[in-house]
Amino acid sequence: MPDVIFSVDQSRSMRDQDVPGHNRWHPDVPVAAMVRPGDEFRVECREWTDAQIGNNDSANDVRDVDLMRCHMLSGPIGVEGAEPGDLLVVDILDLGPVPQRVGDAPGEGWGYTGVFAKANGGGFLTDYFPDAYKAIWDFHGQVATSRHLPGVRFTGITHPGLFGTAPSEELLQRWNRREQALIDTDPNRIPPLGLAPDPDQTLAGQATGSDAGLIAQEGARTVPARENGGNHDIKNFTRGSRVFYPVHVADAKLSGGDLHFSQGDGEITFCGAIEMGGYIDFHVDLLKGGMEKYGVTTNPLFMPGNVEPRYSEFISFIGISVDHDTDTNYYLDATVAYRRACLNAVEYLKRFGYTGEQAYLLLGAAPIEGRISGIVDIPNACCSLYLPTGIFDFDVRPTAEGPKTADRGQCAVTT
């Protein structure tokens with residue numbers, strides 16, 4: 001096993017660790033550990049909400065979650081010799097839930113998928129599912145099952161939702177300016193158009209005094225993906241993957257967490273993966289001057305791993321850029337099209353006895369594939385959602401006999 005260079009005691013909040021992590025992007029968050037190019041090492045991670053969600057049958061904890069505390073990131077990890085303009089080469093060697101542990105924190109033998117309430121983040125289908133819901137998943141090696149979604153069993157593609165390098169001061173200010181400008185176009189929108197810096201619940205790593213105060217005032221929230229990487233939520237970012245991260249500050253300052261046991265493309269419920277704490281093993285290297293050499297200015301480069309479940313049969317649900325509730329056409333809008341594909345899949349699964357909320361949770365957690373299938377045929381973009389038939393213990397394919405409806409219970413709801 002590689003040396004653990006960032007450790008997490010899952011019985012304690014990230015704030016109470018011997019070396020705390022952080023929950024804001026800022027160039028002044030102090031390095032927690034240093035490595036050299038060529039090193040292999042392990043980073044332990046806390047579940048992204050700092051274990052605010054419990055293994056129970058109520059979604060009240062999802063409804064009431066304090067998003068100001070999120071994400072709890074491990075790091076930063078400094079890489080000797082890394083300079084602005086380099087590319088940091090990051091290989092994922094291994095990752096998973098907390099090894100051989102059963103306990104109260106997500107990742108200790110279990111994880112969860114949540115539908116966030118519209119008033120607290122929402123999700124991709126928040127106008128159709130505005131309340132909070134939850135499904136608990138039990139881990140059996142590589143397989144997940146849920147008492148809240150009976151009849152489903154699948155192999156997860158375990159991956160981190162979030163890793164990235166620290167922004168420069170100039171890049172941080174660009175983020176804050178442009179996101180505030182977006183928020184200002186509709187400042188009272190629910191859910192909001194963006195999340196501006198907010199000192200409430202800021203965790204600044206090992207920074208103290210005025211440095212911690214500056215991070216709290218300026219630090220960027222970690223919810224969206226940005227030029228440094230961040231919250232990409234790419235389900236194929238798994239064992240064997242390689243990512244080339246742009247370096248914006250000395251030592252690169254790699255941080256991350258938000259580990260997922262499994263996820264469908266798009267993580268459509270917002271907390272749509274199977275969320276957990278755990279560990280991730282890395283190898284790092286540097287490409288000196290790589291940003292200029294390869295024209296990388298606003299993005300990481302990603303090479304997916306070759307470890308994934310072997311599902312060979314799918315039902316594909318099609319969506320076009322039409323809001324069928326209002327019969328309104330949108331011009332080549334892939335967001336509208338993928339939303340319709342998701343809604344079409346939900347409606348189909350309801351015919352087999354699942355509630356709409358259960359179907360929504362399933363599409364967020366299972367290894368579905370989402371694709372932009374056509375983006376040029378005016379006026380309608382076409383997106384598709386591929387649902388593996390093999391994850392069900394009954395025949396989910398259309399037949400002459402019709403769907404086999406059964407009582408499939410209910411997910412965790414709010415009271």
With rounding to the nearest 0.5 Å, note down the distance linking CD in E169 to CG in L172. 5.5 Å

Short side-chain donor-acceptor distance under 3.5 Å, T158 and T238: no

For the pair E357 and K134, find out whether any cationic side-chain nitrogen is under 4.0 Å from an anionic carboxylate oxygen. no

Dump the intermediate steps for ring pair (Phe, Tyr, Trp, His ring centres under 6.0 Å) on Y360 and Y133, then the final yes or no. CA-CA 10 Å; Y360 188 19; Y133 301 94; 8.4 Å; no

Go through F129 and F116 one step at a time and tell me if the ring pair (Phe, Tyr, Trp, His ring centres under 6.0 Å) criterion holds. CA-CA 9 Å; F129 300 96; F116 274 33; over 10 Å; no

Does the pair D251/K253 count as a salt bridge with the N-to-O cut at 4.0 Å? no

Closest non-hydrogen contact found for P76 with S255 is CA-OG, 3.1 Å

Applying side-chain hydrogen bond (donor to acceptor under 3.5 Å, both in side chains) to Y112 and N55, what does each step give before you reach the verdict? CA-CA 8 Å; Y112 72 92; N55 186 350; over 6 Å; no

Lys/Arg N to Asp/Glu carboxylate O, K235 vs D265, below 4.0 Å: yes

Quick one: are the ring centres of W137 and F154 less than 6.0 Å apart? yes

Should the pair R408 and F352 be classed as cation-pi, given the thresholds of under 6.0 Å to the six-membered ring centre and 45° from the axis? no

Atom pair CG (L93) and CE (M1), whose distance is rounded to the nearest 0.5 Å: 13.0 Å

Distance-only, no hydrogens or angles: does the N228 side chain make a donor-acceptor pair with backbone N or O of A166 under 3.5 Å? no

Go through the side-chain N and O atoms of Y330 and N380 and say whether any donor and acceptor fall under 3.5 Å apart. no

Between the side chains of H148 and D57, is a donor N or O closer than 3.5 angstrom to an acceptor N or O? yes

Mind checking the OG1-CZ spacing from T49 to R69? Nearest 0.5 Å is all I need. 7.0 Å

Nearest 0.5 Å please: distance from the OG1 atom of T126 over to the CD1 atom of I190. 10.5 Å

Keeping the roles fixed (side chain from D323, backbone from T328), state whether a donor-acceptor pair exists under 3.5 Å. no

Is there a donor-acceptor pair under 3.5 Å between the side chain of S262 and the backbone N or O of A365? yes

Tell me, do I183 and P192 make a side-chain contact under 4.5 Å, heavy atoms counted? no

Do R221 and W25 meet the cation-pi criteria used here (NZ or CZ under 6.0 Å from the six-membered ring centre, within 45° of the axis)? no

Any side-chain heavy-atom pair of V396 and Y348 under 4.5 Å: yes

Do you know which two heavy atoms are closest between D131 and V115, and how far apart they sit? O-CG1, 3.5 Å

Which is it for C45 and M72 under the side chain to side chain contact (heavy atoms under 4.5 Å, CB included) test, yes or no, and what are the steps along the way? CA-CA 8 Å; C45 300; M72 287 298 179; over 6 Å; no

In terms of the angle between their ring planes, are F394 and Y354 parallel, tilted or perpendicular, with boundaries placed at 30° and 60°? tilted

G264 to I368 - nearest heavy-atom pair and separation: CA-CG1, 3.5 Å

Do the side chains of E44 and R42 get close enough for a salt bridge, i.e. N-O under 4.0 angstrom? no

Between R12 and D18, is there a side-chain N and carboxylate O pair less than 4.0 Å apart? yes

Within the side chain of T165, is there an N or O that forms a donor-acceptor pair under 3.5 Å with the backbone of L254? no

Closest approach of A207 to I215 (non-hydrogen atoms, all atoms of both residues): CB-CD1, 3.7 Å

Side chains of P84 and H248 in contact at under 4.5 Å (non-hydrogen atoms): no

Would you check if there is a donor-acceptor pair between the side chains of D184 and Q180 at a distance under 3.5 Å? yes

State whether the side chain of R189 and the backbone N or O of P191 hold a donor-acceptor pair below 3.5 Å, judged by distance alone. yes

Checking the side chain of E267 only, and the main-chain atoms of A273 only, is there a donor and an acceptor separated by less than 3.5 Å? yes

Heavy-atom pair with the smallest gap, counting every atom of C383 and A334: SG-O, 3.5 Å

Just checking, is any N or O donor in the side chain of T222 or H71 under 3.5 Å from an acceptor N or O on the other one? yes

Please check: side-chain N/O of Q206 versus main-chain N/O of V19, any donor-acceptor pairing under 3.5 Å? no

For the atom pair OG1 (T208) and CG (D211), what is the distance rounded to the nearest 0.5 Å? 6.5 Å

Determine whether the side chains of T202 and N23 contain a donor N or O and an acceptor N or O closer than 3.5 Å. no

Modelled atom types, side-chain donor and acceptor of S58 and N56, under 3.5 Å: no

Result block: side-chain N/O donor-acceptor pairs under 3.5 angstrom for residues 295-317, not counting sequence neighbours:
residue: E308; atom: OE1; partner: N236; partner atom: ND2; Å: 3.0
residue: Y311; atom: OH; partner: T155; partner atom: N; Å: 3.0
residue: E313; atom: OE1; partner: T389; partner atom: OG1; Å: 2.7

Between Y338 and D333, is a side-chain hydrogen bond (donor to acceptor under 3.5 Å, both in side chains) present by the stated rule, with each step listed? CA-CA 9 Å; Y338 193 55; D333 191 324; over 6 Å; no

Check for a donor-acceptor pair, side chain of T113 on one end and backbone N or O of L361 on the other, with a separation under 3.5 Å. no

Do you see a donor-acceptor pair shorter than 3.5 Å between the side chains of D325 and Y128? yes

Is there a side-chain contact between P224 and L195 (heavy atoms, below 4.5 Å)? no

Looking at every non-hydrogen atom in both residues, tell me the closest pair between W110 and I53 and how far apart they are. CH2-O, 3.6 Å

Tell me whether R226 contacts the main-chain N or O of L171 through its side chain, where contact means a donor paired with an acceptor under 3.5 Å. no

Qualifying residues under side-chain contact (heavy atoms from CB on, under 4.5 Å), relative to V98, sequence neighbours excluded: Q10, R101, E108

Which residues pass the side-chain contact (heavy atoms from CB on, under 4.5 Å) test with V102, not counting sequence neighbours? none

Please determine whether side chain to side chain contact (heavy atoms under 4.5 Å, CB included) holds for the pair D66 and D50, giving the CA-CA distance in whole Å, both sets of side-chain angles, and the decisive distance to 0.1 Å. CA-CA 10 Å; D66 184 357; D50 204 21; over 6 Å; no

Can we say K118 and D127 salt-bridge, meaning some charged N sits less than 4.0 Å from an Asp/Glu carboxylate O? yes

Distance-only side-chain donor-acceptor flag, T145 / H140, under 3.5 Å: yes

Spatial distance of atom CG (L149) from atom CG (L349) [nearest 0.5 Å]: 10.0 Å

Trace of the salt bridge (Lys or Arg N to Asp or Glu O under 4.0 Å) decision for R340 with E347: CA-CA 10 Å; R340 294 312 311 183; E347 195 61 34; over 6 Å; no

With no hydrogens and no angle check, is any side-chain donor or acceptor of T269 less than 3.5 Å from a backbone partner on G114? yes

Is any side-chain heavy atom of V322 closer than 4.5 Å to a side-chain heavy atom of V336? no

So that I can tick it off, tell me whether D281 and R239 are bridged by a salt bridge, with the cut-off set at under 4.0 angstrom between side-chain N and carboxylate O. no

